[in-house]
There are 2 protein chains.
Amino acid sequence: MTVQQMAQLDATFSALSDGTRRAIVTRLADGEATLSDLATPFDMSLTAVSKHLRVLSDAGLVDIEKRGRTRHCRLRGAPIKEAVDWLSKYESFWIDRFDALARHLAKEDSEK
Amino acid sequence: MTVQQMAQLDATFSALSDGTRRAIVTRLADGEATLSDLATPFDMSLTAVSKHLRVLSDAGLVDIEKRGRTRHCRLRGAPIKEAVDWLSKYESFWIDRFDALARHLAKEDSEK
DNA sequence: ACTTTACTCAACCAATTAGTTGACTATAAT
DNA sequence: ATTATAGTCAACTAATTGGTTGAGTAAAGT
């Protein structure tokens with residue numbers, strides 16, 4: 001795992017560790033939205049939402065396009081995929097015991 | 001999504017946003033380890049690693065068992081699963097365009 | 001031309017984070 | 001009994017985070 005890949009995971013997980021930002025991601029999954037659109041549901045200033053959006057943008061999770069006086073945001077999936085890929089390595093820790101054992105034995109077997 | 005589920009995701013993503021803590025998770029996937037075991041590879045004090053471990057423990061990602069004068073740590077998968085479940089909702093954003101379209105249409109269809 | 005809208009920017013604040021050190025406690029080994 | 005090991009705790013520091021406000025800019029509507 002390269003230093004950049006590490007930094008990308010840092011940024012992705014950090015960006016997603018905030019409920020407001022996750023809500024933004026959820027909203028953007030339904031389609032493109034402007035900053036004002038995104039800010040409306042939240043009980044905080046536009047500046048605050050703008051900052052959250054910047055965090056998401058810096059992490060590569062959203063793409064912000066300037067169009068006239070509005071900013072149009074789209075969700076980008078690549079970093080999410082990388083996060084899932086990393087987490088998936090630990091899949092055996094949440095599947096049920098029997099499966100975990102089976103997997104463990106299969107792994108041992110394949111390593112002989 | 002309940003407030004507690006939100007807080008759990010906050011804690012999980014936040015815990016995983018640090019490289020040292022992800023390295024600890026990776027290490028623990030290979031099996032139980034003591035705090036000293038975990039601390040050895042890192043260029044930081046035992047206290048610092050202990051704090052990282054506490055973050056992971058608070059997030060429910062690791063289980064710490066006091067045994068004599070050592071602390072034995074095990075990985076717990078449930079929070080990781082919840083994180084993956086959340087992220088998986090946005091799967092359509094990283095699979096290729098055709099699949100994304102197919103999924104979108106299938107969803108529209110299922111909602112009729 | 002004027003006003004409203006959609007934002008950005010800078011400055012500030014309080015809380016949290018990631019690290020340190022030094023002193024301490026409890027268990028195990030000699 | 002003494003010493004070494006494993007870890008905690010409290011206090012401190014520097015940087016980051018999540019929010020605010022007020023002022024400014026650029027585009028669009030009237």
Side-chain angles (χ1 to χ4, degrees), chain A residues 3 6-28 31-74 79 83, chain B residues 3 6-28 31-75 79:
Chain A
V3 173
M6 282 287 284
Q8 178 61 64
L9 285 175
D10 281 9
T12 304
F13 284 128
S14 180
L16 295 174
S17 72
D18 181 276
T20 301
R21 287 192 294 261
R22 285 197 307 278
I24 290 173
V25 166
T26 300
R27 168 66 187 76
L28 288 179
E32 191 179 291
T34 67
L35 171 49
S36 297
D37 290 342
L38 292 171
T40 307
F42 299 108
D43 186 24
M44 66 179 75
S45 68
L46 187 67
T47 301
V49 176
S50 175
K51 282 187 179 186
H52 280 302
L53 214 43
R54 165 123 212 196
V55 171
L56 289 166
S57 166
D58 286 348
L61 284 158
V62 318
D63 206 64
I64 305 176
E65 189 196 337
K66 191 172 170 175
R67 212 182 292 167
R69 69 181 161 179
T70 56
R71 305 294 181 273
H72 295 254
C73 310
R74 280 192 315 284
Chain B
V3 174
M6 282 287 283
Q8 178 60 63
L9 284 176
D10 281 8
T12 303
F13 284 128
S14 180
L16 295 175
S17 72
D18 180 278
T20 301
R21 287 191 294 261
R22 284 197 308 277
I24 290 174
V25 166
T26 300
R27 167 66 185 78
L28 288 179
E32 190 179 293
T34 67
L35 171 49
S36 296
D37 290 341
L38 292 171
T40 307
F42 298 108
D43 188 24
M44 65 179 76
S45 68
L46 187 68
T47 301
V49 177
S50 175
K51 281 187 180 184
H52 280 302
L53 215 43
R54 166 123 211 197
V55 172
L56 289 166
S57 166
D58 286 349
L61 284 159
V62 316
D63 205 63
I64 304 177
E65 188 196 338
K66 191 173 171 175
R67 211 183 292 167
R69 71 181 160 179
T70 57
R71 304 293 181 272
H72 295 254
C73 311
R74 282 192 312 286
L75 190 59

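Chain identifiers are assigned alphabetically (A, B, ...) following the order of the sequence lines, protein sequences preceding nucleic acid strands; residue numbering begins at 1 within each chain.
- Nucleotide C:dA28 holds its P atom 11 Å from the NZ atom of B:Lys66, rounded to whole Å.
- Using a 4.0 Å heavy-atom criterion, one finds that A:Arg67 contacts no nucleic acid atom at all.
- Listed nucleotides: C:dG19, C:dA18, D:dG7. Nearest to the side chain of B:Arg71: D:dG7.
- Considering all non-hydrogen atoms of both residues, B:Gly68 and B:Arg71 come closest at O-NH1, 4.0 Å.
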Give me, pair by pair, the N or O atoms of the protein and of nucleotides 21-23 of chain C that are less than 3.5 Å apart, along with how far apart they are.
none

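- Judged by closest nucleotide on DNA chain D, B:His72 is the one of A:Val55 and B:His72 placed further toward the 5' end.
- For B:Ser50 and D:dT8, the shortest distance from a side-chain N or O to OP1 or OP2 is below 4.0 Å.
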Using residues 53-66 of chain B as the side-chain source, report each donor-acceptor pair under 3.5 Å to any protein atom, sequence neighbours left out, with the distance given to one decimal.
unit_1  : atom_1 : unit_2  : atom_2 : d
B:Asp63 : OD2    : B:Arg74 : NH2    : 3.0
B:Glu65 : OE1    : B:Arg67 : NH2    : 3.2
B:Glu65 : OE1    : B:Arg74 : NH1    : 3.4

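- Note on A:Arg54: nothing from the nucleic acid sits closer than 4.0 angstrom, heavy atoms only.
- Straight-line distance from the CG atom of A:Leu53 to the P atom of C:dT8: 8 Å, rounded to whole Å.
- Regarding A:His52, its NE2 atom lies at a distance of 12 Å from the P atom of D:dT17, rounded to whole Å.
- Judged purely by atom type and a 3.5 angstrom limit, A:Arg22 uses its side chain to pair as donor or acceptor with the backbone of A:Leu16.
- Going from atom CD of B:Glu32 over to atom CG of B:Asp37 covers 9.5 Å, rounded to the nearest 0.5 Å.
- If you check every strand for non-hydrogen atoms under 4.0 Å, B:Leu46 touches a base.
- Summarising the geometry, the separation between CG on B:Asp18 and P on D:dT16 is reported as 14 Å, rounded to the nearest angstrom.
- Residue A:Leu35 contributes atom CG, which lies 10 Å from atom C1' of C:dT8 at whole-angstrom precision.
- Among C:dC7, D:dG7, C:dG19, the nucleotide with an atom closest to any side-chain atom of B:Lys51 is C:dG19.
- With hydrogens and angles ignored, a donor-acceptor pair under 3.5 angstrom links the side chain of A:Arg69 to the base of D:dA27.
- Counting only heavy atoms from C-beta outward, the side chains of A:Leu28 and A:Leu38 approach each other to under 4.5 Å.
- Per the geometry, CE belonging to B:Met44 stands 19 Å off P belonging to D:dA14, to the nearest Å.
- Atom pair B:Asp37:CG and D:dG7:C1' shows a separation of 13 Å (rounding to whole Å applied).
- For the residue pair B:Ser14 and B:Ser17, the shortest heavy atom distance occurs at O-OG, 2.7 Å.
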Before giving the answer on side-chain contact (heavy atoms from CB on, under 4.5 Å), spell out for B:Phe42 and B:His52 the whole-Å C-alpha distance, their side-chain angles and the decisive distance to 0.1 Å. CA-CA 12 Å; B:Phe42 298 108; B:His52 280 302; over 6 Å; no

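- Distance A:Phe13 CZ to D:dT16 P: 21 Å, rounded to the nearest Å.
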